[in-house]
Undergrad: 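Before I ask anything, let me first share the structure, which is written out below as structure tokens.
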Amino acid sequence: MAMETTAESPVPVRTVLQAVSGWIGKLGRIWVEGQITDLNARGGTVYMTLRDPVANMSVRVVGPRAVFEAAGPAVTDGARVVVHAKPDFWINRGTFSLSVLEIRPVGVGELLARLERLKQVLASEGLFRPERKRPLPFLPGKIGLICGRDSDAEHDVLQNARRRWPAVAFRVENTAVQGSYAVGEVMEALRALDADPEIDVIIIARGGGAMEDLLPFSDEALVRAVSAARTPVVSAIGHEQDSPILDLVADVRASTPTDAAKKAVPDVREQLQLVRQLRDRGRRCLSGAVERELAWLRAVRSRPALADPVREIERQSEQVAALRDRARRCLSGALDRAGDELSHTRARLLALSPAATLERGYAIVQRKDGAVVRESAAVEDGESLNVRLAGGRLGVTVAERETS
């Protein structure tokens, strides 16, 4: 029930703390899972911190030494345990802790089962989908490397990468790679590298080890941080047979740190060989194209029109001359035929012309008005007439008429 308080009617601190203690006391005895950090034994009492790596929260745990000794040597810093405890709230200090009654280390089988459940949860959220994975750049300007200090993994990545591409640049972040601090330090290094605009690829590398040693790389918080990273991440944890959850969410999974160097950096010798092959291929393609064009040019130049261009002009000139002569012959023949026809027509006209009749001694008798006299009965005695001859005209007067 909520406390009824006002600015005019406050409650003392002891009342608040007693209420909190009462609420916490109602929890009873509970089972709590977490990761041990800061384990410390003083006299007959053991103190430790139980950490939740996902939420990055922790709680103080106190218990008798006998309880911890009964759990066996597996209860050490970094171990995952299940604690049966009673929540306690110290009113005088205002602090919360758990009084441990029993502690059990989480076994390998149980760890594997929990990891499998975590995989299913992450897979259902789509964190393992192939389309989420980003390709690595062909030649990164600078590579971020997260690994243990002076570790074989660091040596393998740096040496193999520089052997493949001597000019490659690295920014190395050394962190704990096992134990209770590994997840936090790796996540902090990941955030720093991901925020660096010069970093094109991030490699998280660690050598092989027991499954318990590789547990930080299956931590949900770290896996989600890698999934949210802006920069492509290469996971190089353990050996080929090791498979932490980080391998599934990373953009590229490398079987070993050496393999990570091979995937992140191209081999300069292979690239030079590829350049030579492409150059030779380009030269062959260009030479082939030039040869084809030259063959086409030779074929074109060998054609008669280009081999002896004057001969074609002469042939066309001969054709023009032949057509011109043919046109002249056709025109001359047409003119001759037209002339002959005209002569024939003229001869017919001359033969039918009155002038030709007059030339044979005939005459045309006309009245003064031009009318032709065709019979003697049509004129009168004394009438003046005109006589048209072949060589001129005569004026006559009718003196005598005869009719037939």
Side-chain angles (χ1 to χ4, degrees), residues 53-54 115 118-148 153-154 156-175 177 182-207 214 216-268 270-271 274:
V54 176
L115 292 179
L118 178 58
K119 285 182 184 180
Q120 293 175 0
V121 171
L122 298 177
S124 66
E125 296 179 13
L127 268 62
F128 303 156
R129 290 200 308 267
E131 56 269 21
R132 294 188 70 259
K133 300 183 183 298
R134 295 154 295 187
L136 301 183
F138 168 70
L139 183 60
K142 181 179 285 188
I143 300 175
L145 176 60
I146 301 174
C147 58
E154 178 181 359
D156 290 345
V157 172
L158 296 180
Q159 186 166 347
N160 283 280
R162 287 166 180 163
R163 184 183 297 118
R164 291 171 62 82
W165 198 276
V168 65
F170 275 91
R171 175 181 169 183
V172 180
E173 295 287 339
N174 294 123
T175 66
V177 291
V183 174
E185 292 186 11
V186 171
M187 290 179 60
E188 184 62 31
L190 178 65
R191 281 192 290 268
L193 293 176
D194 193 40
D196 189 344
E198 295 183 353
I199 301 298
D200 296 324
V201 177
I202 299 175
I203 299 176
I204 302 177
R206 186 201 189 283
L214 302 181
F217 300 99
S218 293
D219 185 90
E220 182 178 357
L222 177 58
V223 168
R224 293 187 181 277
V226 170
S227 174
R230 172 188 59 85
T231 310
V233 177
V234 178
S235 174
I237 307 301
H239 300 299
E240 180 66 35
Q241 67 274 12
D242 298 320
S243 181
I245 298 179
L246 182 64
D247 286 349
L248 302 177
V249 76
D251 297 287
V252 175
R253 189 254 179 180
S255 58
T256 61
T258 300
D259 185 46
K262 293 180 180 179
K263 291 181 181 295
V265 180
D267 190 335
V268 66
E270 294 178 359
Q271 296 306 314
L274 179 60

Undergrad: Which pair of heavy atoms, one from Thr231 and one from Val201, lies closest together, and at what distance?
TA: CG2-N, 3.7 Å
Undergrad: What residue among Val268, Leu139, Ile143 forms side chain to side chain contact (heavy atoms under 4.5 Å, CB included) with Val168?
TA: Ile143
Undergrad: Do Leu122 and Arg224 pass the side chain to side chain contact (heavy atoms under 4.5 Å, CB included) test, and can you show the C-alpha distance, the side-chain angles, and the key distance before you say yes or no?
TA: CA-CA 9 Å; Leu122 298 177; Arg224 293 187 181 277; 3.6 Å; yes
Undergrad: Look up atom CG in Leu190 and atom CD1 in Ile146, then write down how far apart they are to the nearest 0.5 Å.
TA: 5.0 Å
Undergrad: Would you compute the distance between atom NZ of Lys263 and atom OG of Ser255 and round it to the nearest 0.5 angstrom?
TA: 7.0 Å
Undergrad: How far apart are the C-alpha atoms of Val172 and Leu158, what are their side-chain angles, what is the distance that settles it, and do they pass the side chain to side chain contact (heavy atoms under 4.5 Å, CB included) test?
TA: CA-CA 9 Å; Val172 180; Leu158 296 180; 4.3 Å; yes
Undergrad: For Phe128 and Ile245, work out which heavy atoms get closest and say how close.
TA: CZ-CG2, 4.0 Å
Undergrad: Could you measure the distance from the CZ atom of Arg134 to the CZ atom of Arg230? Nearest 0.5 Å is fine.
TA: 9.0 Å
Undergrad: Distance check, rounded to the nearest 0.5 Å: Asp267 atom CG versus Arg164 atom CZ?
TA: 4.5 Å
Undergrad: Mind listing the closest non-hydrogen atom pair of Leu127 and Ser227 along with its distance?
TA: CG-OG, 3.6 Å
Undergrad: Check the pair Asp156, Thr256 against side chain to side chain contact (heavy atoms under 4.5 Å, CB included), reporting the backbone distance first and the verdict last.
TA: CA-CA 9 Å; Asp156 290 345; Thr256 61; over 6 Å; no
Undergrad: Can you measure from CD (Glu173) to CD (Glu185) and round to the nearest 0.5 angstrom?
TA: 10.5 Å
Undergrad: If you define the side chain from C-beta out and look only at heavy atoms, does anything of Leu274 sit under 4.5 Å from Glu270?
TA: no
Undergrad: Surrounding NZ of Lys133 (heavy atoms of other residues, nucleotides or ligands, distance under 6.0 Å), is the total greater than 12?
TA: yes
Undergrad: Given Ile204, which partner from the list Ile237, Leu145, Val234, Thr175 fulfils the side chain to side chain contact (heavy atoms under 4.5 Å, CB included) test?
TA: Ile237
Undergrad: Measure the shortest side-chain to side-chain distance between Pro216 and Leu222 over non-hydrogen atoms and say whether it is less than 4.5 angstrom.
TA: no
Undergrad: Considering all heavy atoms of both residues, which atom of Ala153 and which atom of Gly207 are nearest to each other, and what is their separation?
TA: CB-N, 3.9 Å
Undergrad: Contact between Phe217 and Val177 at the side-chain level, heavy atoms closer than 4.5 Å - yes or no?
TA: yes
Undergrad: Compare every heavy atom of Ser235 with every heavy atom of Ala250, then report the nearest pair and how far apart it is.
TA: CB-CB, 3.6 Å
Undergrad: So for atom CD, which belongs to Glu198, do other residues, nucleotides or ligands contribute more than 12 heavy atoms lying within a distance under 6.0 Å?
TA: no
Undergrad: Starting at CZ of Phe138, measure out to CG of Asp200 and round the result to the nearest 0.5 Å.
TA: 13.0 Å
Undergrad: Taking the side chain as everything from C-beta on, heavy atoms only, tell me whether Asn174 gets closer than 4.5 Å to Cys147.
TA: yes
Undergrad: Of the non-hydrogen atoms in Ala264 and Leu136, which two are nearest, and what is the gap between them?
TA: CA-CD1, 4.3 Å
